[in-house]
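Structure first, then comments.
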Amino acid sequence: MEDIKEKLQGLILQALKIGVEKGELRRVPVPPVELEAPKLPAHGDFATNVAMAMAGLQKRPPREVAQTILNAINDTDHLLARTEIAGPGFINFFISNEYWHRVLRQIHESDYAYGRSDIGKGRKIQIEFVSANPTGPLHVGHGRGAIVGDALCSILRASGYEVEKEYYINDSGRQIHTLGLSVFLRYQEFHGASIDFPADCYQGDYIRETAQAVAEKEGRHLLEISEDEAVAFCAKFAASNILNGIKQDLIDFGVTFDNWFSEQSLFDTGAVDKALQSFKDQGTIYEKDGALWFRTTDFGDEKDRVVVRTNGITTYFASDIAYHRDKLRRKFDRIIDIWGADHHGYIPRISACVEAMEYEKEKLKIILIQLVNLLRGGNPVAMSTRAGEFVTLRAVIDEVGRDAARFIFLTRRYDSPLDFDLELAKRQSNDNPVYYVQYVHARISSILRKAHADGIKPPSSGDSVDLTQLKEPEELALIKCMAHYPAVAAESAKLMEPHRIPFYLTELAATFHSYYNKHRVLTDERTLTAARLYMVSAVRIIVRNGLQLMGVAAPETM
RNA sequence: GCGCCCAUAGCUCAGUGGAUAGAGUGCCGGACUACGAAUCCGUAGGUCGCAGGUUCGAAUCCUGCUGGGCGCGCCA
């Protein structure tokens with residue numbers, strides 16, 4: 001596919017070469033030719049600072065260098081309508097309408113593939129996210145991580161990366177034991193026992209519900225076996241029960257995974273023992289004060305970390321070492337962990353583990369999602385799984401809707417904290433920007449329906465359309481905006497920043513709505529109508545593709 | 001105390017070392033007898049937290065400070 005920017009870049013590079021050959025430019029290293037889209041239309045479609053960047057080594061004023069470059073440009077294909085030298089030495093380029101019109105053909109030809117690229121071709125990425133403990137339902141904070149991870153995956157896949165999504169289930173260790181104990185106590189209560197329920201047990205109503213389910217299934221059976229056995233049974237039952245709920249919540253939120261990786265399986269297969277042994281052999285794990293320590297200080301951590309306690313029980317870090325060792329050996333080019341920002345203190349020890357295995361530190365990227373502050377009418381809502389005080393993700397989806405919730409989560413950089421006001425979200429669900437964008441899709445669909453009803457056939461191929469009909473400033477602005485989409489999608493993937501997609505779509509929507517209010521698509525002139533139908537269908541293609549990356553519906557009607 | 005993240009319009013937030021820093025929302029005032037008014041047009045609103053530095057040029061990069069969030073366990 002022909003890219004205007006690349007073509008222009010080629011012209012400039014060629015001009016530089018000619019300049020040198022003619023002896024008009026010194027034979028010195030040239031800086032990279034960077035082209036940017038200026039904010040002001042008066043500054044052209046593209047501008048470059050290359051003349052300013054070269055001025056020093058050329059020992060000539062920037063504007064003079066710029067003129068030399070322009071003189072040497074050989075625009076045989078008439079890509080440029082006009083050029084100018086501006087300000088301190090910018091070169092501004094104005095692309096001819098003909099080339100902008102070609103963008104519409106590209107969009108139609110590419111259709112679903114418009115905005116896709118192969119910049120990640122041949123690269124395998126593993127991305128692990130959510131990984132909430134199966135000790136309680138998902139809450140809003142998990143929702144943010146889920147959506148960012150899910151969208152990131154779609155964005156990377158659209159750029160040619162091969163991506164695998166994984167959920168790490170912490171179905172082992174102390175919190176699972178506490179979960180089992182909590183359920184068992186409620187179970188005993190259910191059978192009439194008077195229980196002094198400990199404060200460090202899980203307090204939520206879902207514990208009672210689970211206990212009741214256990215009672216329905218097992219009757220009084222658990223009262224007749226040893227407490228250890230009973231607690232273990234409850235733990236397994238509850239964890240699996242809760243995990244099923246989590247899976248359902250994620251499905252309803254449109255989030256899917258390729259793998260569900262169990263922490264317990266690392267113990268069952270001996271992976272933890274093997275990992276610890278391997279580091280012991282290597283000398284990275286040593287014994288002190290009756291415990292086993294990982295030498296994380298060798299890799300920049302502030303202190304060494306315990307992997308096996310004096311009581312012989314492994315720490316969470318031990319499973320995590322084994323888990324990351326497993327992931328690293330699965331031959332990915334890169335593995336990504338998405339964590340809540342409150343886990344940032346954990347980064348040095350896990351990257352120590354990566355380095356101890358002699359992988360490059362960059363092999364593992366950790367994305368920290370800042371916390372979601374839950375508010376109700378401006379007042380903070382306490383959030384604690386253990387205390388049973390939280391608003392579930394399900395409640396939020398039910399209240400504000402899946403599309404609106406996804407859009408809210410994605411319309412912010414993940415590294416800045418998010419205030420999520422339930423009342424505001426509910427009230428704003430009607431003027432959430434998501435509807436602004438979706439409305440474009442519905443509106444264009446409606447125009448096409450109307451055209452069909454009036455017996456107007458949309459152009460079947462770009463060749464049959466007279467695109468020179470499209471010359472209104474609003475039309476060219478719309479086409480230029482559309483032309484940016486592939487770059488936005490690629491940039492979003494390269495920087496791993498999903499928020500760029502919704503911001504772009506909002507801008508495209510604004511440009512479209514503005515155009516729509518000023519000009520009619522269906523006019524009395526046949527060729528003009530055909531050209532405009534061709535153009536707005538192209539807008540619809542981009543909106544649909546962009547929303548698809550976000551996991552948001554593109555409705556025909558609203 | 002140490003570490004990580006953040007600070008841009010009243011509020012919520014974008015912003016690629018570039019030219020006059022932008023949206024949404026809220027306030028005020030306008031636009032449907034035509035393809036969907038979930039839309040559009042206009043007015044007002046700024047010490048880019050503060051102070052230095054780097055350079056032709058800094059909201060953007062560097063240093064220090066201030067303010068806020070989070071973390072600093074043989075918990076997970």
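Lettering follows sequence order; numbering is per chain, from 1.
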Within the side chain of A:Ser265, is there an N or O that forms a donor-acceptor pair under 3.5 Å with the backbone of A:Phe261?
->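 Checked: no pair found.
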Can a donor-acceptor pair be found, under 3.5 Å and without considering hydrogens, that links the side chain of A:Tyr167 to the backbone of A:Ser262?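 Such a contact is absent between A:Tyr167 side chain and A:Ser262 backbone.
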Under 4.0 Å between a side-chain nitrogen and a carboxylate oxygen: does that hold for [X] and [Y]?
X: A:Lys327; Y: A:Asp337; answer: yes
X: A:Glu475; Y: A:Arg532; answer: yes
X: A:Lys7; Y: A:Asp3; answer: no

Suppose you measure atom [atom1] in [N] against the same atom in [M]; what distance do you get, rounded to whole Å?
N: B:rU8; M: B:rU54; atom1: P; value: 27 Å
N: B:rA21; M: B:rG45; atom1: P; value: 14 Å
N: B:rA34; M: B:rG29; atom1: P; value: 25 Å
N: B:rC11; M: B:rC74; atom1: P; value: 43 Å
N: B:rC62; M: B:rA58; atom1: P; value: 16 Å
N: B:rC27; M: B:rU43; atom1: C1'; value: 11 Å
N: B:rA37; M: B:rC4; atom1: C1'; value: 47 Å
N: B:rG68; M: B:rG30; atom1: P; value: 45 Å

Which part of the nucleic acid does [X] contact within heavy-atom distance under 4.0 Å: base, sugar-phosphate only, or nothing?
X: A:Ala55; answer: nothing
X: A:Arg412; answer: sugar-phosphate
X: A:Ala86; answer: base
X: A:Asp320; answer: nothing
X: A:Lys518; answer: nothing
X: A:Thr523; answer: nothing

Whole-Å distance between [N] [atom2] and [X] [atom1]?
X: A:Ile447; N: B:rA34; atom1: CD1; atom2: C1'; result: 12 Å
X: A:Leu368; N: B:rG69; atom1: CG; atom2: P; result: 18 Å
X: A:Phe503; N: B:rA21; atom1: CZ; atom2: C1'; result: 15 Å
X: A:Tyr504; N: B:rG24; atom1: OH; atom2: C1'; result: 18 Å
X: A:His513; N: B:rC41; atom1: NE2; atom2: C1'; result: 15 Å
X: A:Asp419; N: B:rA7; atom1: CG; atom2: C1'; result: 13 Å
X: A:His519; N: B:rC40; atom1: NE2; atom2: P; result: 15 Å
X: A:Glu36; N: B:rG57; atom1: CD; atom2: P; result: 18 Å

Starting the side chain at C-beta, find the nucleotide from [options] nearest to [X].
X: A:Ala442; options: B:rG36, B:rU12, B:rU20; answer: B:rG36
X: A:Asn517; options: B:rC40, B:rU12, B:rA14; answer: B:rC40
X: A:Tyr435; options: B:rC35, B:rA38, B:rA19; answer: B:rA38
X: A:Ser514; options: B:rC35, B:rA19, B:rC40; answer: B:rC40
X: A:Leu522; options: B:rG15, B:rC35, B:rC5; answer: B:rC35
X: A:His43; options: B:rA19, B:rG15, B:rA14; answer: B:rA19

For RNA chain B, stems built from three or more consecutive Watson-Crick or G-U wobble pairs below 3.5 Å:
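Stems for RNA chain B, defined as runs of 3 or more consecutive pairs: B:1-7 with B:66-72, B:10-13 with B:22-25, B:28-31 with B:39-42, B:49-53 with B:61-65.
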Between [X] and [Y], how do the two ring planes meet: parallel, tilted or perpendicular, split at 30° and 60°?
X: A:Phe512; Y: A:Tyr515; value: tilted
X: A:Tyr346; Y: A:Tyr316; value: tilted
X: A:Tyr168; Y: A:Tyr323; value: parallel

Look at the side-chain N and O atoms of [X] and state whether any lies under 4.0 Å from the OP1 or OP2 oxygen of [N].
X: A:Arg443; N: B:rG36; result: no
X: A:Arg413; N: B:rG15; result: yes
X: A:Thr411; N: B:rA14; result: no

A side-chain contact here means heavy atoms from C-beta on lying under 4.5 Å apart; do A:Phe267 and A:Ser319 qualify?
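Heavy-atom side-chain distance check passes, below 4.5 Å.
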If you measure from the ring centre of A:Tyr516 to the centre of the six-membered ring in the base of B:rU39, is it under 5.5 Å, with the planes under 30° apart?
->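 No; centroid distance or tilt outside limits.
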Is the aromatic ring centre of A:Phe90 closer than 5.5 Å to the centre of the six-membered base ring of B:rA19, with the two planes inclined by less than 30°?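 Yes.
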query = Would A:Arg82 count as a cation-pi partner of A:Phe94, with NZ or CZ less than 6.0 Å from the six-membered ring centre and within 45° of the ring normal?
reply =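 That pair qualifies as a cation-pi contact.
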Fill in: Row check, A:Tyr516 ring normal vs A:Arg443 NZ/CZ: under 6.0 Å, within 45°
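So A:Arg443 does make the cation-pi contact.
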| query | When you match A:Thr506 and A:Tyr515 each to their closest nucleotide on RNA chain B, which lands nearer the 5' end? | reply |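 In this pair, the answer is A:Thr506.
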Does A:Tyr439 or A:Pro88 map to a spot on RNA chain B nearer the 5' end, using the closest nucleotide for each?
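So the residue in question is A:Pro88.
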Legend entry - Donor/acceptor link under 3.5 angstrom from A:Asp524 side chain onto base of B:rA34: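 Side chain to base: no pair below 3.5 Å.
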Which atom of A:Thr48 lies closest to which atom of A:Glu34, heavy atoms considered =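 Nearest heavy atoms, A:Thr48 then A:Glu34: OG1-O, 3.0 Å.
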Reading nucleotides 71-76 of chain B from 5' to 3' and marking B where a protein heavy atom lies under 4.0 Å of the base, S where only the sugar-phosphate is that close, and - otherwise, the string is SS-BSB
### Task
Sort out for me which residue in A:Leu505, A:Val543, A:Val552, A:Asn432 forms a side-chain contact (heavy atoms from CB on, under 4.5 Å) with A:Gln438.
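Only one of A:Leu505, A:Val543, A:Val552, A:Asn432 forms a side-chain contact (heavy atoms from CB on, under 4.5 Å) with A:Gln438, namely A:Val552.
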Specify the glycosidic conformation (syn or anti) of B:rC5, with syn defined as within 90° of 0.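 Anti, which is what one calls it when the glycosidic angle falls more than 90° from 0.
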